[in-house]
Structures are given as structure tokens and as C-alpha cells.
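Written out below as C-alpha cells is the structure these notes cover.
If you read the sequence from its start, that first residue is 1, and numbering goes on from there.
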Amino acid sequence: MNRENLKTAKRIVIKIGTSSLILDNGKINLKNIDELAFTLSSLQHEGYEIILVTSGAIGVGLNVLGMTRRPSEIAQQQALAAIGQVELISLYNQIFGRYQQKVSQLLLTNDVIAFPESRKNATEALNAILGLGIIPIINENDAVSVDEMDHRTKFGDNDRLGAIVTTISDADLLIMLSDIDGLYDKNPTIFDDAQLIDSVSEITDTLMKSAGGAGSRFGTGGMTSKLEAAKIIFDANKQMVLTNGARIFEIRDIISAKKKGTYFGQ
């Protein structure tokens with residue numbers, strides 16, 4: 001595969017992280033959400049099939065309750081997720097509605113995907129929603145899916161969820177919106193000469209080791225989960241682009257095969 005294949009993508013999964021939805025002060029990033037809704041609605045109206053995988057339920061829950069710190073108690077995190085999810089999907093529904101685009105909500109847990117029958121049902125539901133011209137908005141059901149309680153129900157993070165949704169929906173492309181421009185050859189927050197990697201064709205052990213752990217070139221997290229998601233994408237013979245969620249308008253450049261972010265393809 002190469003970037004030219006991006007031009008033929010019709011069914012596209014967009015994954016947006018909490019850092020793109022919540023400002024540093026804890027407030028909701030309405031500008032980003034509006035730009036996301038406009039861009040995805042426009043693409044849907046032009047004939048693309050769009051699926052949005054979103055994080056942010058707990059962050060929005062904190063905002064709703066005026067809290068500034070995420071609690072350590074699991075039950076409190078579950079409560080925040082339940083509260084925030086209502087507000088988040090309501091916000092998406094309102095803002096996408098400005099652009100005459102209907103949305104739906106689908107909450108998943110890992111056990112749904114693990115069992116063939118429920119996985120098939122999830123795929124059929126996605127296909128039916130897309131067939132109606134509606135954008136499915138998918139999040140992990142954090143109110144009931146807790147890793148500490150049951151490893152079978154938890155995806156681990158929404159990077160992995162985005163990759164799995166790409167596979168079960170047979171989408172052509174996953175665009176992962178992050179807080180970084182893409183994959184670098186070294187940590188860009190430390191090294192001024194860090195270079196953005198244009199494309200990756202294989203997730204090697206060396207690459208994985210360099211991406212995780214304290215003192216690594218990518219810091220203490222974040223990039224590891226994105227490379228794990230890329231592994232899933234490679235195994236399914238799909239393609240992915242990692243790019244900065246602060247420039248949502250570049251989604252159009254990506255599907256036009258312009259050099260934005262890091263391209264993952266074989």
C-alpha cells in the first residue's frame with residue numbers, strides 16, 4: 001500500500017482523543033468539536049461513509065460536575081463516564097445537527113467483539129446505521145467496562161477500539177487524531193531536530209520498545225497504544241494515518257493523499 005490508496009477510501013473511521021476534545025483548563029473544546037462536525041458532515045454528504053470513535057466521556061463528566069481532578073476510585077470514574085457520555089452525545093447531536101447530519105450512539109465492550117455472534121451483530125448494526133446515511137458515534141462503555149474488574153470487557157484504550165472498529169466495519173481507513181503531528185524518530189518535545197516519519201510499513205519490536213516506558217523517545221505513554229492499534233490495522237490489511245487533532249481540517253488533505261501525519265500501510 002501507499003498514500004495513493006487513500007484516494008480510494010470510502011468508509012473511513014475517525015478516532016478522536018480526549019486531548020482534542022478537552023482544553024487544558026478542563027473546559028470542552030467547542031471549536032474542535034464544531035470543526036469535526038462540519039468536516040465529517042460534509043464528507044458524509046459527499047458520499048463517504050463516516051464512523052466516529054470518540055473518547056472524552058470522563059473528561060466531559062468532570063466538566064459537568066465542575067471537578068478539576070480525575071478521582072482514583074473506580075466507581076467514581078464509572079459515574080463520571082456515565083454522566084459525561086450523556087452530555088457528550090448530546091453535544092455531538094446538537095453540533096452535527098447544525099450541518100444537517102444525523103448521528104447515532106453505539107457503546108461497546110471488548111466481550112461484544114470477542115464473541116462471534118455479538119461481533120456479527122455489531123457489524124450488522126454498523127452497516128445498517130451507515131446505510132441510513134447516519135454517522136455512528138462509538139465509545140467504550142466505560143460505565144461498566146473496567147479493566148481492574150474484568151479484563152474480558154475492557155479494550156484498554158480507544159486507540160485499540162478505533163482499530164477494531166475499522167476491522168469489524170471493513171472500513172478502508174483509520175484516521176487517528178492525536179495531540180502530536182505523527183510518529184517521530186525521536187521525542188519532539190525534547191529534541192529540536194526530531195523528524196516526522198512519513199510512513200511505516202511494519203511495527204517492529206525495536207519500534208515498540210522505543211515507543212514506551214519512562215525515558216523513551218516518546219515519553220511515558222500514548223504512542224505505544226497507537227502502535228498497538230497499527231498492528232491490528234496491519235493484520236487486517238487496512239491503512240491508518242496518525243495526525244494532529246488540532247488541525248481537523250487536514251482530514252481532507254489526508255484522503256487526497258497529501259503528506260500529512262504518518263501513514264501506516266503495507
Can you measure from CD (Q44) to CZ (F96) and round to the nearest 0.5 angstrom? 9.5 Å

Apply side-chain contact (heavy atoms from CB on, under 4.5 Å) to residues L242 and S178 and explain how you reach the verdict. CA-CA 7 Å; L242 173 63; S178 183; 3.7 Å; yes

Tell me, yes or no, whether the heavy-atom count around F38 atom CZ, taken from other residues, nucleotides or ligands under 6.0 Å, exceeds 12. no

Find out if a path of hydrophobic residues (ILVMFWY) with successive side-chain heavy-atom gaps under 4.5 Å connects L23 to I180. no

Would V60 and L21 count as a side-chain contact (heavy atoms from CB on, under 4.5 Å) if you check the C-alpha gap in whole Å, the side-chain angles of each, and the deciding distance to 0.1 Å? CA-CA 9 Å; V60 172; L21 298 171; 5.9 Å; no

Donor-acceptor pair, Q239 side chain versus L173 backbone, under 3.5 Å? no

Please tell me whether S55 and N158 have a donor and an acceptor in their side chains that are separated by less than 3.5 angstrom. yes

All N/O donor-acceptor pairs, side-chain side in residues 83-92, below 3.5 Å, sequence neighbours left out:
from: Q85; atom 1: OE1; to: N139; atom 2: ND2; distance (Å): 2.9
from: Q85; atom 1: NE2; to: Q105; atom 2: OE1; distance (Å): 3.0
from: Y92; atom 1: OH; to: T54; atom 2: OG1; distance (Å): 2.9

Output all residues satisfying side-chain contact (heavy atoms from CB on, under 4.5 Å) with D179, sequence neighbours left out; order by chain, then residue number. S19

Residue pair I254 / L6: nearest heavy atoms and the distance that separates them: O-CD1, 3.3 Å

So, for A122 and V112, which heavy atoms are closest and what is the spacing to 0.1 Å? CB-CG1, 4.4 Å

Can you list every pair that meets salt bridge (Lys or Arg N to Asp or Glu O under 4.0 Å) and has a residue in residues 253-266, with sequence neighbours left out? E250-K260, D253-K258

Looking only at heavy atoms, which two atoms of F264 and A230 are closest? And how far apart? CD2-CB, 3.8 Å

Go through E228 and I232 one step at a time and tell me if the side-chain contact (heavy atoms from CB on, under 4.5 Å) criterion holds. CA-CA 7 Å; E228 291 285 358; I232 297 171; over 6 Å; no

Measure the spacing between CG of L183 and CE of M223 and express it to the nearest 0.5 Å. 5.5 Å

I'd like to check the ring-ring contact (aromatic ring centres under 6.0 Å, His included) partners of F234; sequence neighbours left out, ordered by chain and number. none

Interatomic distance, I113 atom CD1 to I164 atom CD1 [nearest 0.5 angstrom]: 6.5 Å

Is it true that a side-chain atom of E49 and a backbone atom of G47 form a donor plus acceptor pair closer than 3.5 Å? no

When hydrophobic residues are tied together by side-chain contacts of less than 4.5 Å, even through go-betweens, does L177 share a cluster with L30? yes

Side-chain polar contacts of residues 130-137 - donor-acceptor pairs under 3.5 angstrom, sequence neighbours left out - could you list them?
none

Examine distances only and state if a side-chain atom of T262 and a backbone atom of I197 form a donor-acceptor pair shorter than 3.5 Å. yes

Is the backbone N or O of A229 less than 3.5 Å from a side-chain atom of D159, with the two atoms forming a donor-acceptor pair by type? no

A quick test of your reading: do over 12 heavy atoms of other residues, nucleotides or ligands sit less than 6.0 Å from CG of D24? no

Go through the steps for Y99 and D34 under the test side chain to side chain donor-acceptor pair (under 3.5 Å), then give the verdict. CA-CA 10 Å; Y99 303 108; D34 184 76; 2.9 Å; yes

Pair I251-L40, side-chain contact (heavy atoms from CB on, under 4.5 Å): steps then yes or no: CA-CA 9 Å; I251 288 174; L40 301 192; 4.2 Å; yes

Where A171 and R11 come nearest, the two heavy atoms and their spacing: CB-O, 3.5 Å

Starting at CD1 of I51, measure out to CD1 of I12 and round the result to the nearest 0.5 Å. 10.0 Å

Taking C-beta and beyond as the side chain, do L174 and V53 meet within less than 4.5 Å on heavy atoms? no

For L107, is there any backbone N or O sitting under 3.5 Å from a side-chain donor or acceptor partner on E140? no

Could you measure the distance from the CG atom of L108 to the CG atom of L106? Nearest 0.5 Å is fine. 4.5 Å

E73: which residues meet the salt bridge (Lys or Arg N to Asp or Glu O under 4.0 Å) condition with it, sequence neighbours left out? none

Give a yes or no on whether D193 atom CG has more than 12 heavy-atom contacts from other residues, nucleotides or ligands under 6.0 Å away. yes

Taking V13 as the fixed residue, which of V165, I233, L52 is the one that meets the side chain to side chain contact (heavy atoms under 4.5 Å, CB included) rule? V165

Q195 and Y184: side chain donor to acceptor below 3.5 Å: no

I'd like to know if the side chain of T18 and the backbone of G56 have a donor-acceptor N/O pair within less than 3.5 Å. yes

What's the spacing between M176 CE and K226 NZ if we round to 0.5 Å? 6.5 Å

Do N32 and R247 have a side chain donor and acceptor closer than 3.5 Å? no

